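The shown structure was predicted, so the numbers you read here are calculated from the model rather than taken from an experiment.
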Amino acid sequence: MISKVFTATDQQYMREAISLAERGLYSASPNPRVGCVLVKSDQVIGRGWHRQAGLPHAEIEALHDCVGDPAGATAYVTLEPCSFHGKTPPCADALLNAGISRVVAGSTDPNPRVSGSGLERLQTAGVDVVAGCEEDACVRLNPGFFSRMQKGRPFVRVKMAMSLDGRTALANGESQWITGDAARADVQHWRAQADCVLTGIGTVLLDDPQLNVRLTQEQFQEHGHGTARQPLLAIVDSSAQTPPTARLFEAERGVLIYSNVATVTALNPACEVITQNSDRSVEGINLHAMLEDLARREINEVHVEAGARLCASLIKDGLADELLLYIAPHLLGADARSLFALGGFTRMDERIEFELAGTRQVGKDLRLQLRPTIGL
């Protein structure tokens with residue numbers, strides 16, 4: 001049996017490994033974000049983190065970075081070392097070949113191809129193995145990877161902005177800008193860490209947004225987060241109304257349109273149209289099937305910027321894992337548009353409850369991170 005007994009020193013080094021893993025926040029997907037620290041005689045002799053799919057994993061990077069002989073060292077790794085040969089050889093074998101005598105893992109790998117086999121291989125070979133050190137923090141590094149492996153769908157984060165009275169736009173649809181410059185800049189980082197930005201046709205037609213990441217390469221590197229990239233864009237557009245000249249086509253990225261129209265000729269040639277018909281839908285689109293399709297495309301995290309109806313449907317269907325809510329300190333009045341298009345509740349026990357996971361003031365606005373209590 002794998003031990004779950006670890007020390008305060010183990011926690012200290014694991015926290016350093018977590019900090020390394022965070023450098024892959026924008027670039028590691030579809031692989032998990034992983035960090036590794038090698039320690040020998042109470043000294044760190046090697047550090048590594050997974051930068052990008054196809055490049056060496058964190059353990060290999062740490063071994064390459066190693067100062068001196070790693071034989072007899074302890075490897076602190078945020079996720080269980082892999083035990084199969086994918087795009088790169090098994091990390092468990094690399095640690096064994098290097099003579100690592102102890103491995104402390106933050107969490108086991110949710111990938112069924114690994115799921116404990118990496119730790120078992122190490123233990124069988126005589127390595128002292130400990131699992132579960134700083135486990136919650138290690139799992140939080142990869143909400144999308146865990147969701148895709150365990151639920152068969154990506155982690156869905158819904159971003160919305162509102163006034164103090166819960167309004168998102170004036171009655172005529174004008175919404176620029178609810179929040180200030182700092183909040184809008186903050187959103188760029190959330191988009192950047194997602195693999196896919198999801199919106200609805202209503203938002204496309206009303207706002208003609210770009211919905212791209214506008215961080216510079218220097219801004220990425222300033223935070224140690226690897227290479228800049230544009231996430232995939234997905235649009236819920238049952239009637240294929242997306243204009244071929246829409247600004248969202250200006251960015252160099254893939255665009256998916258989920259539609260009921262089997263043959264589409266008017267759309268931009270840069271996009272792929274996925275057709276479906278289902279009764280379990282919003283505007284004819286099965287959101288469950290859509291997210292399963294995104295998971296098959298190795299999408300880990302979906303960042304949603306959409307209107308009241310699509311966001312409400314994701315929440316009602318239990319598909320929204322987190323709500324990222326920016327609150328601006330002003331009032332828009334009773335005639336302005338509401339945050340969610342939810343049906344009227346007649347009993348208090350019908351309400352949808354959330355748990356507050358974090359708060360932060362961003363410029364003049366307040367950012368809340370909320371998670372639905374159902375399924376926690």
Min side-chain heavy-atom separation [X]-[Y] under 4.5 Å:
X: Cys271; Y: Phe249; result: yes
X: Val236; Y: Ile201; result: no
X: Met149; Y: Pro112; result: yes
X: Asp317; Y: His288; result: yes
X: Glu272; Y: Val255; result: no
X: Ile100; Y: Pro70; result: yes
X: Val156; Y: Val158; result: yes
X: Phe145; Y: Asn111; result: yes

(message) We want to know whether Glu250 and Gln210 form a side-chain donor-acceptor pair, criterion being a heavy-atom distance below 3.5 angstrom.
(response) yes

Under 3.5 Å donor-acceptor, [X] side chain and [Y] backbone:
X: Asp207; Y: Pro209; result: no
X: Ser163; Y: Leu331; result: no
X: Thr203; Y: Thr199; result: no
X: Ser41; Y: Gln43; result: no
X: Glu80; Y: Leu119; result: yes
X: Arg367; Y: Val362; result: no
X: Thr78; Y: Gly35; result: yes
X: Thr124; Y: Arg121; result: no
X: Asp365; Y: Gly180; result: yes
X: Arg51; Y: Gly24; result: no

(message) Walk me through whether Arg102 and Asp10 qualify under salt bridge (charged side-chain N to carboxylate O under 4.0 Å, His left out).
(response) CA-CA 11 Å; Arg102 184 169 181 255; Asp10 291 334; 2.9 Å; yes

(message) Determine whether Tyr13 and Thr74 satisfy the following criterion, side chain to side chain contact (heavy atoms under 4.5 Å, CB included), listing intermediate values before the conclusion.
(response) CA-CA 10 Å; Tyr13 288 125; Thr74 295; over 6 Å; no

(request) Using the side-chain hydrogen bond (donor to acceptor under 3.5 Å, both in side chains) rule, take Glu305 and His303 through it: C-alpha gap first, then chi angles, then the decisive distance, then the call. (result) CA-CA 7 Å; Glu305 294 191 36; His303 174 88; 2.7 Å; yes

(request) Kindly indicate, with the supporting measurements, whether the criterion side-chain hydrogen bond (donor to acceptor under 3.5 Å, both in side chains) is fulfilled by Asp293 and Tyr258. (result) CA-CA 10 Å; Asp293 178 69; Tyr258 290 88; 2.6 Å; yes

Using a strict 4.0 Å threshold on nitrogen-to-oxygen distance, state whether [X] and [Y] make a salt bridge.
X: Arg153; Y: Glu292; value: no
X: Arg297; Y: Asp195; value: no
X: Asp181; Y: Lys364; value: no
X: Arg47; Y: Glu61; value: no
X: Asp186; Y: Lys159; value: no

If you take all heavy atoms of [X] and [Y], which pair is closest and at what distance?
X: Gly54; Y: Asn31; value: N-ND2, 4.3 Å
X: Val34; Y: Ala21; value: C-CB, 3.4 Å
X: Ala137; Y: Ile18; value: CB-CD1, 3.7 Å
X: Ser101; Y: Gly72; value: OG-O, 3.0 Å
X: Arg337; Y: Leu206; value: NH1-CD2, 3.7 Å
X: Gln123; Y: Ile2; value: OE1-CD1, 3.5 Å

(request) Report the C-alpha separation of Glu355 and Arg371 in whole Å, then their side-chain angles, then the decisive distance to 0.1 Å, and conclude whether the salt bridge (charged side-chain N to carboxylate O under 4.0 Å, His left out) test is met. (result) CA-CA 5 Å; Glu355 176 185 70; Arg371 296 180 186 135; 5.3 Å; no

(request) Mark yes or no: Arg33 above the aromatic ring of Trp49, with NZ or CZ under 6.0 Å from the six-membered ring centre and no more than 45 degrees from the axis. (result) no

Honestly curious: do [X] and [Y] fall in one hydrophobic cluster under the side-chain, below-4.5 Å linking rule?
X: Phe155; Y: Met160; answer: no
X: Leu79; Y: Leu55; answer: no
X: Leu232; Y: Leu310; answer: yes
X: Val67; Y: Leu63; answer: no
X: Val104; Y: Val5; answer: no

Inter-residue atom distance [X].[atom1] - [Y].[atom2], 0.5 Å rounding:
X: Ser115; Y: Asp109; atom1: OG; atom2: CG; result: 7.5 Å
X: Cys311; Y: Leu198; atom1: SG; atom2: CG; result: 8.5 Å
X: Gln369; Y: Glu322; atom1: CD; atom2: CD; result: 4.5 Å
X: Leu325; Y: Ile327; atom1: CG; atom2: CD1; result: 4.5 Å
X: Gln12; Y: Tyr76; atom1: CD; atom2: OH; result: 8.5 Å
X: Leu20; Y: Leu141; atom1: CG; atom2: CG; result: 10.5 Å

(request) Carefully, step by step, assess Asp237 and Ser259 under the rule side-chain hydrogen bond (donor to acceptor under 3.5 Å, both in side chains). (result) CA-CA 5 Å; Asp237 180 8; Ser259 175; 5.8 Å; no

(message) With side chain to side chain contact (heavy atoms under 4.5 Å, CB included) as the criterion, how do Leu248 and Val204 come out once you've worked through the C-alpha distance, each side chain's angles and the decisive distance to 0.1 Å?
(response) CA-CA 8 Å; Leu248 55 84; Val204 173; 3.7 Å; yes

(request) Check the pair Arg191, Leu211 against side chain to side chain contact (heavy atoms under 4.5 Å, CB included), reporting the backbone distance first and the verdict last. (result) CA-CA 8 Å; Arg191 285 184 191 171; Leu211 293 176; 3.7 Å; yes

(request) Classify the angle between the aromatic ring planes of His57 and His50 as parallel (below 30°), tilted (30 to 60°) or perpendicular (above 60°). (result) perpendicular

(request) Using the side chain to side chain contact (heavy atoms under 4.5 Å, CB included) rule, take Ile45 and Val39 through it: C-alpha gap first, then chi angles, then the decisive distance, then the call. (result) CA-CA 6 Å; Ile45 62 170; Val39 178; over 6 Å; no

(message) Other members of the hydrophobic cluster containing Val187, with the 4.5 Å side-chain heavy-atom rule, please.
(response) Trp190, Leu324, Tyr326

